[in-house]
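Chain letters run A, B, ... following the sequence lines, proteins first and then strands; every chain starts at 1. Quick caveat, the model's predicted, so the values are computed rather than measured.
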Amino acid sequence: MSKPTADWEKVGDRFYRKTQLYTDVFDQDLELENYVIAGAPYSGAVALYRDEDKLHAYRGTQTAKPTIDIFSCAGKLIRSLNIDKGIVKALGWSEDETLLVVTNDGTVRCYHNLQNDFTPFTLGHGAEEHGVRACRFWLSGFVALLNNNALIAVTRYDEPRPKLLATPPSGDVASWAIIPPAYTLSRSVEVLLATGKTIYVVDASECEDRMLENGPFKHIAVSPNGNFIALYTDDSRVWVISSDFQNRLSEYNSRVKTPPKDMQWCGNNAVVLAWEDEVHMVGPNGAASKYFYDSWVHLIADTDGIRIITNDICEFLQKVPDASEETFRLGSTSPASVLIDAVDLLEKKSPKADDNIQLIRPNLDEAVDTCVKAAGQEYSIHWQKQLLKAASYGKSVLDLFNSDDFVDMCETLRVLNAVRFYEIGLPLSYEQYMRLTPERLIQRLVNRQEYLLALKVSDFLRLPLNKIYVHWARQKVRSSNADEESICKDIVHRLDGKRGISFEEIARAAYDEGRSKLAIELLNNEPRAGKQVPLLLSVGEESLALDKAIESGDTDLVFYVLLHLKKKLTLANFFRTINTRSMATALVEASAAYGDRELLKDLYYQDDRRLDGSNLLLTEALKQSDSQHRNDKLKLASKLLQDSREHTFQVKAIDESQRLLRIQEVFEKDLGESFVGLSVNETIYKLIKSGNIKRSQKVQSEFKVAEKTYWWIRLCALVSRRDWRELEEMSKTRKSPIGWEPFFNEILGAGNAKLASLYIPKCTSLTVPERIEMWIKCGLITKGAEEALKAKDISSLEMLKNKATGNAVHEIERMMAQLAPSRR
Amino acid sequence: MAASQASQAINTQDITDKSRRDLLLLLEAVRGKKNLVIEKSLASIIGLFVKFSTLQEYGVDKLFFLENHNVDSSQRNIVFLARGENARVVRTVAGTYDNCTMIWHRINSITSQISIASLTEAEQIRLVRSESKIDHDFTVIWVPRRTLVSNLVLEEHGVLGEANITELDLQFVPLEPDVLSLELEDCFSDLILRKDPTPIFAAARSLMGLQKQHGLFPRILGKGDNAKKLADLLLRMRSEEDVNASSDPSNTYLTSFGLTPSSTIENLIIIDREVDFPTALATQLTYEGLLDEVFSVSHNQAEVDSSILGSAPAPSTQPQNGTSPAPITATKRKVQLDSSDKLYPEIRNVNFATIGPLLNRTAKRLQSDQQNIHAPNQSISDLKSFVSKLPSYQAEQASLKIHTSLAEEISKFTKAETFRRVLEVEQTLLIGSEGSTVHENIEELIARDTPLPTVLRLLCLESTLSNGIRLRELDNFKRQILQAYGYQHLLTLTSLQKMGLLVPREANRGYLNPIAGSAGMGATDWNFVRQRLQLWVDEVEDETGKDKDIAYVFSGYAPLSVRLVQAVLQKSYLQTLATAGGAAVAPATTGAGWKGFDDVLARIKGATVDVVQKGSDADASHARKTLRGNKEGPKTTIVFFVGGVTFAEIAALRFVGEQLKEAGGRQLVMATTGIISGKRVADVAIEKGTFGS
């Protein structure tokens, strides 16, 4: 076994290591120099696209069609995407391995999950006229540079909103780079444009000149943490400065005449320059190291290092992690390195192993931790084992030790080793895995259709499995040639009893493939109506969709379907569909009542709901201010109901209302006052109040208003008119249908106690005490006393006496005296 | 009293906090200052849990009502807050008047305004500068969720791409610690008149939210067709939730095992308003109920003429929620009616007849307190303890003043002769005695031009209690109503018939209305139910003058809805009451659910619901039980009213809750789609337009 330090190299005072990940990456025929290459973050897939600017050998018509090929890091072709229109100007990846393809007319295609289908959007802001020149991507967005130097930023891909940044000065842009929004002070993306001798910093609101004088800069690169900027000057020097342009940190002279093809950061502390087959790595303080290759080199920067890809090999260049350095550095005397020696000795069954342990006894826990950490950084399985063995040995000596980290690391390494296998081709470093998260790793596996591994890893890490199943089923629907029934059966059988399976997603895949029948069949297994409905609509199963929507009880869904139906069907068919479904009818009715009366009319007509139809006309009549139109509407309303026997009351009422309106119009003409809008009773009231008794009686007889009602109205009207004379007249009438008590109450309420008292004797139906009470209310205590006297009620008399004043007291006493003897 | 009921199982404060947090988070997401355009009905609801000053802290500059069409463009950010779910609001199948278009109109008008403004600006300032200033950021917050229909409409108008669209999942709003409400204003008309089940769905979603938090309701009981629909929806949502939860990436392991029955909640009792119309129609006689009858309490606030309250503005009556910054007209003042008041919780639930002595007692106590200060020989420490009590003392005094004036105003109302008549008719009907005086009285009320809602309530009460009115008599009444109040009320009467409130006796099986007569009993056998459940109690007070039965809230009538709840929770009490009442009753049975009262339920219209929910995974539910087992708190029962609850019923249920708490530490929480009263019921049906208007 080679030493772990074999591929280390000292640059300045730091160690860097170059790990060979895979060999025989690309076909030897592939002329890598003619391709544009883009690698997904966290050791993701690599997209290759033939560079249109470069000449290439003619290879027959077949390959002339431009494609974007997606490879794994080990060179396995995952997918080949056809680009049928537009010239590809930029390729990029997002954090979740979505491939973004930007063409020169400003169209952006997002290829999700390494699939063939994409969602497009356009940049706008003049991208179409001026054309896109280049793009720079970060984890969740990108900036496009147009040929007129305009900059357009897109910050999210689920609902993209291209935004124009501040306008930079015109002039040739020698090179440019971006600082992702997460690392800027303004929290908006910042663009560095090398124009002329200086650099401009552009963000959403302003464009600032940084006043440099050593340009033009051939390359600009921003470190992954956004703190440093590397510049490549015209006189072949590399400058590293802080991103606020305040400090120059280091300088390196490459002494190469031709400017490098590419310049990228390797982690946050080294810059890598690449010529055709030569790579310079510039560490801190200008120290450098050179590597030479046999063929064309491409650089793919990642968060903690850089991938170097040639036709033959895929390598990972990174700074040696601290834990590894501590453990393996030559001559290291750190506890961890002693521990690893100890385990070596132990294997040789040497007693010195224990001496070593005793030597580092005080720092043993630290040594174990370091070994565990270093194991995570190792690519070689041998050394991983060795380090873990050391850790295990070390912790067996310790009395108290929390083994969680150890166990976690073992699990993690199992997963990492599994996915690093060349057939999977995901050479994740430990740090990348931590940033990627296990869930997204599963997603990547699923995207590569490694279902078995995905299931095993999920199971191993105790993650939910449902998404993997769904993805599998979708893929099956897409690719299987079997007949629909057996596919459906197979899928349902396989997924039976699994929790949380979204059949809707599977059905949608089937629908997208044009297999509508299969889609419907699969949808039957979907428990969530909200998910079924939209797809059923697109399949064209409207009535089924309506049923499902109603079943769900979600009126929003029902409305959604109804809107859809109404657009699609003729009115008659629309009504027929909703007719049998009462909830749908109710909803249409409710909503139409506020907007579309015509629709409602048609609906009622179709259903032969005459009462509703007539009522609708009635509402319209209410809205008419013109009497002619109003009458027409009312006539229509009554005509609609004429034939049916059960609505005679309604018809009569409508006719009466017309009569009333006619009479009221006559009154308006005759009396010059407004009557329309009043009810029958109110009309009578108003007539009496204005002294038109005759007319009021006519209305009474015309509308057969009950005598009682009429008397009440008359009483109230007269009282409000303060027509005491007329009321006095009325008191002479022999009989009243409403009795006389109301007269008393109303008149007294109006404040005329004298008149009110006239009615007291007429209230013969009341008891004596009640009448006495009435007298008191009128302030006529003597009268009350007389009443009491008649009834021979001595106690009331006494009560009255207490209330009385002045002369009345004597009066009452006299009465009491009258009573007294008779009692004796 | 009510405030101290703060239940442990369902902490309503949490719900308030969550709503507030959610809203503020959404507002915070819009950077910088913003103008808020809000739907009117939402404004007061939001006022229940967040103050205007808090909104201002979160960058809200000005508030506009969506309905007023007057937003200005002073701020770059404009946030719309509107309901997206109600079918009536998003009336798009046919109409164009809806929130979406409203918002679209507004957005358009704003952009056009701006472009004009920018043109003039452009002449003065540099072009580049002004152009970058044009673009407004629009945010639309849909309550309670972003719907497909709203998406569709916004898309049709081409706004979808321009606006940021988010949703605020506003569900229950706690009116009080023991009352949760969805505050759906149109819920009653939606459900009963238009047969639009949107409120049921909203209710199911909210209850599902509770289940997600507290575990499944172990038993769902209910009465009425809508209750059945709600229970079915809950079951359905549970199965959907299974899929949703596990496909949601943000979920943790725990939820992926599915829901398990709650250990703190005992029952969910769903009462459909349709089962018990009479209670909603009868005049409420508790203080709070009468406040509602006279002043209309909405969202815990009543608008009262300031002349009634007297001139001095007391601190507690100042509009506490600033969401309505529009100056309140000088003559109207808002009175906050909730448990934050010193006095109100004590008096809200009592029968109005006893309010006088109660206020009197309080006044005396306050007076004696006051005299204590004036006592000459006080030590400094006495003084100190008094001064520390001073603020609360003053608040109490202020609230006493308010409630005294309110009670005075109410007593003016109750002393009126018509009120006595109305009450007489009501009580006769509720007792169930046949009397011809009822019709005479109603006729007189019509002739005397008593407000239409009052008359309609009486007629509907009769109709619902005796399953319709004889056709000849009904036609007679109808004719009188039309003549007295106008022929436009033909529409009112049809609406009432559609709602099943005022029907001829033959036609009450719902054949005129294809939707209603689908399942369950068509009509309630009131005589049987009245006797079996003792809906009328002659003596509501015991010897000491304390109320002994829920019937006190209507001075004799015990609401059917509450009796149904008692049939689940207080079986033995109800049995003894019935036996004492002389009804032949099977021996008292114990047991869960409706057991022991199946015979009555069979004679009440509407479907009966009784579902036991078990966890899908027995092991997990067992594990959860053992995990929480040591925390065996009081069991809570949730009573949910579909279609609204009256204040009188709330008072009655609180009464039941008190008894339960004393007996076995069980608790009641009320939940509803909204607050209802007879006035609101009648208002739903009444046609507002008149001829010639």
Inset, instruction - Report yes if some heavy atom in the side chain of B/Y487 is under 4.5 Å from a heavy atom in the side chain of A/L660; otherwise report no. - result: yes
Legend entry - Best-contacting candidate, B/Q488, B/K478, B/H489, against chain A by heavy atom pairs under 4.5 angstrom: B/K478
Legend entry - Interchain contact, A/E746 with chain B, by part (heavy-atom threshold 4.5 Å): side chain
Legend entry - Close side-chain approach of A/L618 and B/E687, heavy atoms under 4.5 Å: no
Inset, instruction - Determine whether more than 12 heavy atoms belonging to other residues, nucleotides or ligands lie under 6.0 Å from atom CZ of A/R156. - result: yes
Inset, instruction - Check whether A/K704 gets within reach of chain B through its side chain, its backbone, both or neither, counting any heavy atom under 4.5 Å. - result: both
Legend entry - Exercise: identify the closest heavy-atom pair between A/S679 and B/G486: CB-N, 3.2 Å
Legend entry - From CG (A/N681) to CD (B/Q480), nearest 0.5 Å: 8.5 Å
Inset, instruction - Sort A/S674 into side chain, backbone, both or neither according to what part of it lies under 4.5 angstrom from a heavy atom of chain B. - result: neither
Inset, instruction - Find the one option among B/L233, B/L490, B/I446 whose heavy-atom pairs under 4.5 Å with chain A are most numerous. - result: B/L490
Inset, instruction - Check B/R479 against A/F703 and note the closest heavy-atom contact, atom names and distance. - result: NH1-O, 3.4 Å
Inset, instruction - For chain B, find which of A/P534, A/A166, A/S552 contributes the most heavy-atom pairs closer than 4.5 angstrom. - result: A/S552
Legend entry - Winner by heavy-atom pair count (cut-off under 4.5 Å) against chain B, out of A/Q664, A/K708, A/E682, A/Q650: A/Q650
Inset, instruction - Look up atom CG in B/D449 and atom OH in A/Y685, then write down how far apart they are to the nearest 0.5 Å. - result: 8.5 Å
Legend entry - Part of A/I550 within contact of chain B (heavy atom distance under 4.5 Å): neither
Inset, instruction - Check each atom of A/V558 against the heavy atoms of chain B and say whether the ones under 4.5 Å are side chain, backbone, both or neither. - result: neither
Inset, instruction - Before accepting this row, confirm whether a basic side-chain N of the pair A/D612/B/K498 lies closer than 4.0 Å to the acidic partner's carboxylate O. - result: yes
Legend entry - Under 4.5 Å from a heavy atom of chain B, the part of A/E656 involved: both
Legend entry - Point-to-point distance, once rounded to the nearest 0.5 Å, from CG of B/D475 to OG1 of A/T648: 7.5 Å
Inset, instruction - Measure the CD-OG1 distance between B/E443 and A/T709 for me, rounded to the nearest 0.5 Å. - result: 7.0 Å
Inset, instruction - Report yes if the side chains of B/P197 and A/M583 come closer than 4.5 Å at any heavy-atom pair, otherwise no. - result: yes
Inset, instruction - Output the distance between atom OG1 (A/T555) and atom CZ (B/F201), rounded to the nearest 0.5 Å. - result: 7.0 Å
Legend entry - Reported CG-to-NZ distance for the pair A/L622 and B/K688, which is rounded to 0.5 angstrom: 12.5 Å
